[in-house]
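Every number for a ligand or one of its atoms is a count from 1 in the order of the listing. The figures here come from the full heavy-atom set of this structure, side chains too, leaving out hydrogens, waters and symmetry mates.
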Amino acid sequence: MTIRIDGKRMAGDLTARIAAETEALATEHGITPGLAVVIVGEDPASQVYVRNKQKTAQNCGFKSIKHALPADVSQDTVLRLIGDLNADPSIHGILVQLPLPKQLDETLVTQAIDPAKDVDGFHYVNVGKLAAGHTADAFVPCTPAGCMLMIEQQLGNDLSGKSAIVIGRSNIVGKPMAALLLAANATVTIAHSRTADLPAITREADIVVAAVGRPNMVGKEWLKPGAVVIDVGINRIEVEEDGETRSRLTGDVDYEEAAEVAGAVTPVPGGVGPMTITMLMANTLRAARLASGLGD
Ligand code: NAD
């Protein structure tokens with residue numbers, strides 16, 4: 001029977017562990033991890049993400065602050081704020097919610113964050129460490145880090161002899177995901193919009209990570225029996241239910257079909273999403289420990 005990988009539950013368990021460690025850090029060392037979230041403009045999806053991140057940070061016992069900037073803010077103002085947060089010893093993690101409005105250069109902004117506070121793992125210092133295989137030293141982007149925990153839960157830490165395909169080559173998900181799988185000894189293929197014969201290649205893989213943004217793209221004919229399937233995609237679709245049109249979230253994998261073939265699948269919602277937020281908390285706790293000379 002196919003296992004439904006319960007990301008919500010895994011995230012809940014991990015959040016509880018992080019909260020307990022945070023309490024111990026405060027009692028034993030007087031340190032409270034501090035997370036600063038910077039949001040620019042009024043994008044509704046970004047507002048929801050930021051609210052969830054702040055709520056989880058508070059549940060973990062962190063100091064959580066939000067800087068909400070107007071949509072027309074200047075680049076200088078954003079960079080000055082990041083400079084202030086870099087210099088603030090009570091802040092251990094800085095996150096700038098993406099996407100940013102057009103007048104702001106995302107690369108300049110993300111690269112202005114101190115690599116030691118880069119809990120999103122987007123600074124080139126962290127990107128480079130991950131690419132070089134120094135996964136233990138790097139802040140790893142939260143979504144692939146969460147996916148990796150789910151894969152390890154199913155298959156263990158050593159993926160020697162396993163073949164993996166990552167569909168999507170973004171800097172936020174696809175590329176770091178491939179680096180993590182490679183570091184765990186999997187044989188990794190990265191597929192993207194220019195890949196030919198994608199279903200045939202995907203059918204060879206023991207591990208499939210779909211990070212594309214196309215609803216229900218991966219069907220049962222794409223999957224090798226027993227494969228572990230991680231669905232990163234978040235797509236809003238319209239469905240007809242009881243004569244009404246309703247909006248629903250769906251992944252890049254057709255869950256029902258995948259469940260007929262795969263060994264384990266993550267659902268959407270309730271799979272990768274909750275784990276992503278929890279990994280942000282794990283990175284912030286780690287940043288606080290490292291900043292205080294306590295080690296990992
Ligand atoms: P992106 O748009 O930056 O990248 C999409 C990738 O998919 C590209 O590399 C592109 O080459 C590839 N692609 C496009 N069409 C394809 C096709 N027909 N066949 C094969 N590959 C194709 O997106 P992203 O930021 O990597 O996000 C991907 C999806 O994951 C989106 O749905 C996004 O909302 C979701 N996401 C979810 C989380 C989470 O926490 N669950 C986090 C980040 C992103």
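In this structure, K224 pairs ionically with D206, as a charged nitrogen and a carboxylate oxygen lie closer than 4.0 Å.
When atom types are taken as modelled, the side chain of E106 and the backbone of L100 share a donor-acceptor pair closer than 3.5 angstrom. In terms of modelled atom types and a separation under 3.5 Å, the side chain of Q103 and the main chain of V73 share a donor-acceptor contact. Q111 contributes a side-chain N or O that, together with a main-chain N or O of Y124, makes up a donor-acceptor pair within less than 3.5 Å.
No more than 12 heavy atoms of other residues, nucleotides or ligands shown are found within 6.0 angstrom of CD on E23.
Annotation: ligand 1 has protein neighbours T143, I167, G168, R169, S170, V173, H192, S193, L198, A211, V212, G213, R214, V232, G233, I234, N235, V272, G273, T276, each with a heavy atom less than 4.0 angstrom from the ligand.
Side-chain contact between T245 and E240 is present, with heavy atoms from C-beta onward closer than 4.5 Å.
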